[in-house]
There are 2 protein chains.
Amino acid sequence: MDLRERNKQATREAIGHAALRLAIENGPHGLALVRVHDIATAAGVSPRTYNNYFSSRAEAICAFQADQSRRVGQALRSRPADEPLDQAVIAAVIQLYTDPEPDRAGLRMIMLTPELEGEALKAFTMAEGPLAEAIAARTGTDPARDLFPAVTAAAVAGAIRVAGRHWLEAGSDASFAAILRGALSCVVPATPPEAARDR
Amino acid sequence: MDLRERNKQATREAIGHAALRLAIENGPHGLALVRVHDIATAAGVSPRTYNNYFSSRAEAICAFQADQSRRVGQALRSRPADEPLDQAVIAAVIQLYTDPEPDRAGLRMIMLTPELEGEALKAFTMAEGPLAEAIAARTGTDPARDLFPAVTAAAVAGAIRVAGRHWLEAGSDASFAAILRGALSCVVPATPPEAARDR
DNA sequence: GCAGTATGTGCGTGTCACGCAAGTTGTGGG
DNA sequence: CCCACAACTTGCGTGACACGCACATACTGC
């Protein structure tokens, strides 16, 4: 990894971090008060540079969540190959999303602010592509012919999103891991349906 | 329904229709050329009025899809109560999304234009709330206690989205109804899992 | 070291979202 | 039938923003 690449990644994270922090400080209602200039200054770059990395405030604020989602596919691939699909997915997601425990304030900001809804959905949806490929590889199904991998990936992403919302609302009567397990077990089968296996 | 209410609905649809039409005419690449002024003029209202109904071009373009999604819950409720959940969901979705057959150009514009991705996801996600309530009512589960309704609703919305994408890409080797059936059957069980039923 | 390329930055421009206040069109009571 | 009230539409002004362009700067591979 180049110095250039590392610098780029660092600036991107600095901007994203600054954006999320400022958004949290001002709360969902004061989001409009967070100016691009503030984010850029807080991240130590010029407004123009901020705009080279993100094309909207929402995108910057949700960048962390998007990066997290992008890792789901890789997390599934790191599970032992002989593990059943459902257990592998559940274990991979729980490991990725509870180590470390997500920042409640950040998640609340992202998920419960109407102006961020679109970007938040994009962020969670980022998981689908890589995850679908990982599921296809694990189950031996062909993504081009069968919908199972893509549909399951979308269902997993949706389940994570619903679990996050529930975790924020319900409060502390259950760990995030337990909520995730319950949500994922509703939609991920142990093996692909016959129709997918046969082809 | 008041005259006022009807007029309001009519202008909303006029603006949404004009926005989608202009977007299709200019294609995904020329989306930036579609000015707010053009949309408003095409719909027969002032730009300021356009802005009273929608707060972004993307929102106007995706309005039709959003309205469609909002009807999924109602469509499920109109199925006979003794039908198993999976069959009821599949039948409801297929009826809603194939009568009439969706406009390929419109769906392609909404789903395959990167700048519209966030709004498109919002549009499909609109289905989740009402759909989750309908699923909860049908299965006798409690949305506050159990994640099954919300997770299944999210999975259904995701499956519809994936099916749409596949229908656009794959072309004409299968009807949209068949694709929808295949996608939905991956994620909707005939009955809720034990954990949800027991509570 | 040095040429080449990627990245940061300042400036200018066109568009947009939205608050505000006035004009216009529907609504319900006397 | 008419009038007062409310909802909707519209024009204007403002502040912010995304992005193209050109130049300065930092990094890379030879």
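Labels below follow one simple rule: chain letters A, B, ... track the order of the sequence lines, proteins then strands, and each chain is numbered from 1.
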Nearest to the side chain of [X], heavy atoms from C-beta on, is which of [options]?
X: B:N52; options: C:dT9, D:dT28, D:dT10; answer: D:dT10
X: B:S55; options: C:dC18, D:dC27, D:dT10; answer: C:dC18
X: B:R4; options: C:dC18, C:dT25, D:dT10; answer: C:dT25
X: B:N7; options: C:dG26, D:dC27, C:dT9; answer: C:dG26

Closest approach of B:R77 to B:A137 (non-hydrogen atoms, all atoms of both residues):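 Distance-wise, the nearest heavy atoms are NH1-CB, 3.9 Å.
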
Which atom names give the shortest non-hydrogen contact between A:A132 and A:P149, and what distance separates them?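 Shortest heavy-atom separation between A:A132 and A:P149 comes out as O-CB, 3.5 Å.
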
If I take atom [atom1] in residue [X] and atom [atom2] in nucleotide [N], what distance separates them, rounded to the nearest angstrom?
X: B:D38; N: C:dG14; atom1: CG; atom2: P; result: 16 Å
X: B:I15; N: D:dT10; atom1: CD1; atom2: C1'; result: 13 Å
X: B:F54; N: D:dC8; atom1: CZ; atom2: C1'; result: 16 Å
X: B:L31; N: D:dA18; atom1: CG; atom2: P; result: 17 Å
X: A:N51; N: C:dT13; atom1: CG; atom2: P; result: 18 Å
X: B:E59; N: C:dC16; atom1: CD; atom2: P; result: 15 Å
X: A:H37; N: D:dA18; atom1: NE2; atom2: C1'; result: 16 Å
X: B:Q9; N: D:dA7; atom1: CD; atom2: C1'; result: 16 Å

A:Y97 and A:V72, any side-chain heavy atoms less than 4.5 Å apart: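 They are in contact (side-chain heavy atoms under 4.5 Å apart), so the answer is yes.
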
Sugar-phosphate, base or nothing in reach of B:Y53, heavy atoms under 4.0 Å: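 Sugar-phosphate: the residue B:Y53, judged by heavy atoms under 4.0 Å, touches backbone atoms but no base.
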
When you measure from the side-chain N and O atoms of [X] to the phosphate of [N], is any distance below 4.0 Å, counting only OP1 and OP2?
X: B:R35; N: C:dT15; value: yes
X: A:T11; N: C:dG8; value: yes
X: A:T49; N: C:dT9; value: yes
X: B:K8; N: D:dC8; value: yes

Donor-acceptor pair under 3.5 Å: do we get one between B:R48's side chain and the base of C:dA17?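 A donor-acceptor contact between them is absent.
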
Look at the side chain of B:R57 against the base of C:dT15 and say whether a donor-acceptor pair falls under 3.5 Å; ignore hydrogens and angles.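 Such a pair does not exist between side chain and base.
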
Answer yes or no on whether A:R104 is positioned over the face of A:W167, meaning its NZ or CZ is under 6.0 Å from the six-membered ring centre and within 45° of the axis.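 Yes, a cation-pi geometry holds between A:R104 and A:W167.
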
Polar contact flag, side-chain donor to acceptor under 3.5 angstrom, B:E59-B:S55: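 A pair is found: one side chain offers a donor N or O, the other an acceptor, under 3.5 Å apart.
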
Start at the 5' end of DNA chain C and walk down; is the nucleotide closest to B:S56 or to B:D2 reached first?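 By nearest-heavy-atom nucleotide position, the 5'-most residue is B:S56.
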
